[in-house]
Number of protein chains: 2
Amino acid sequence: MVDLDDPALSDDLHEAIEQFYFAYRGFTDRPDRILERRGLGRVHHRILYFIGRRPDVSVRGLLDLLAVSKQALNAPLRQLMEMGLVGAEAGVEDRRVKNLRLTASGRKLEAELTEAQTRHLRAAFDRAGAEAHAGWTAVMAELVKG
Amino acid sequence: MVDLDDPALSDDLHEAIEQFYFAYRGFTDRPDRILERRGLGRVHHRILYFIGRRPDVSVRGLLDLLAVSKQALNAPLRQLMEMGLVGAEAGVEDRRVKNLRLTASGRKLEAELTEAQTRHLRAAFDRAGAEAHAGWTAVMAELVKG
DNA sequence: CTAAAGTGTCAACATGGTTGACCTGGATGA
DNA sequence: TCATCCAGGTCAACCATGTTGACACTTTAG
């Protein structure tokens, strides 16, 4: 059992570390379970997610977002294209670049996965209140910047 | 380049997903870099951290906290004991259980690693303000519960 | 024409996790 | 007392995800 009310956790910054760890773990394992039923992994989710959010992103752009090597990206991306979830088109200005987009079925899977996470987040925001929601967002923005 | 101000990110719940992802990534890679200089990994950090926060935790307790198999825990834990960073004592009531504790040098390394993360968090909390800090904590608590 | 950039792919390797099987030794209840 | 359960340790096979290095191809740009 995970007891976050343990009296040993006095320092609130230490508590924040644990909250971050456990919250993130809970945040990722729902979509993970959906994915593993299809033989896909977390990488595939991240790829689907970012292509969905940034249509026509290039392979290079994806690499920078995910901060992985192109070799690590290549296999799962190709797999998603072979499964018909992601489509690619040569760029108009520069025909070397591939503009990546979700297909209809890609959008469907992406929505299913992301929905699991947004439902989780929305529930927490609702319970904590609008003010807390705003505070959370502000702190997260600082963490991303810093 | 990671551009979180991209106009495509309209839905704030989607933005929250990205913030969570990028914030967590930034949060973990500082201690990771300290560790890799000593040939240790993130697992070792988590072990040191939780033993530090919950002195006399048992191996079983650690397994439940980390949610990994005992085989995954065994090697890094043994390594930490061989390095003299973690000590163990047989339990008084039940002599099967091992009560794990940090040694002096274990506490030193743990403090160094954790300090990197608390400094990061403290900076974000300071910039975002006390109210935002409270909101962040409230939302995180809900996420851990949910 | 040449250099650089975007993409693709092969190979070798490291890490960190899994499950299954089996062992020791201490606790415990019929 | 004896059978059984539980904490812990260890071996083996396996898998997912990542890395670097090297090389090829196409296209763009100087």
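Lettering follows sequence order; numbering is per chain, from 1.
Regarding A/L66, its CG atom lies at a distance of 15 Å from the C1' atom of D/dT19, rounded to whole Å. As a whole-Å value, the separation of A/R33 CZ from D/dA16 P is 19 Å. In this entry the distance linking NE2 of A/H45 with P of D/dA16 reads 19 Å, nearest Å. Between the CG atom of B/L63 and the P atom of D/dG8 there is a distance of 8 Å, rounded to whole Å. Counting to the nearest Å, the P atom of C/dA5 and the CG atom of A/D64 are 13 Å from each other. Rounded to whole Å, the distance from CG on B/L62 to C1' on D/dG9 is 15 Å. Distance CD (B/E36) to P (D/dG18): 16 Å, rounded to an integer number of Å.
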Item to check | Per-nucleotide protein contact string for nucleotides 25-30 of chain C (B base, S sugar-phosphate only, - none; heavy atom under 4.0 Å) | outcome: BBS---
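The distance from atom CG of A/L121 to atom CG of B/L143, rounded to the nearest 0.5 Å, is 6.0 Å. One finds the NE2 atom of B/H14 at 9.0 Å from the CD atom of B/E18 (value rounded to the nearest 0.5 Å).
Using the six-membered ring where Trp is involved, A/Y24 and B/F20 have ring planes that are perpendicular, over 60° apart on the 30 and 60° scheme.
Between B/H133 and B/T137, some side-chain heavy-atom pair lies under the 4.5 Å cut-off. B/L102 is not listed as a side-chain neighbour of B/L85, based on a closest heavy-atom distance of 4.5 Å or more.
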Checklist entry - Please walk me through it: do A/D29 and A/R33 pass salt bridge (Lys or Arg N to Asp or Glu O under 4.0 Å)? => result CA-CA 6 Å; A/D29 73 274; A/R33 266 173 284 179; 2.3 Å; yes
Next on the checklist: Could you walk me through whether B/E142 and B/K145 satisfy the salt bridge (Lys or Arg N to Asp or Glu O under 4.0 Å) test, starting with their C-alpha distance in whole Å, then the side-chain angles of each, then the deciding distance to 0.1 Å, before giving a yes or no?
Outcome noted: CA-CA 5 Å; B/E142 293 297 335; B/K145 269 195 274 175; 3.4 Å; yes
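In terms of modelled atom types and a separation under 3.5 Å, the side chain of B/Q117 and the main chain of B/F27 share a donor-acceptor contact.
Contacts with DNA chain C (heavy atom under 4.0 Å) in residues 69-89 of chain A: A/K70, A/Q71, A/N74, A/R78, listed by number.
Under 4.0 angstrom from either OP1 or OP2 of D/dG18 there lies at least one side-chain N or O belonging to A/R46.
By the neighbour-count criterion of 12 heavy atoms within 6.0 Å, atom CD of A/E112 is densely surrounded, having more than that number from other residues, nucleotides or ligands.
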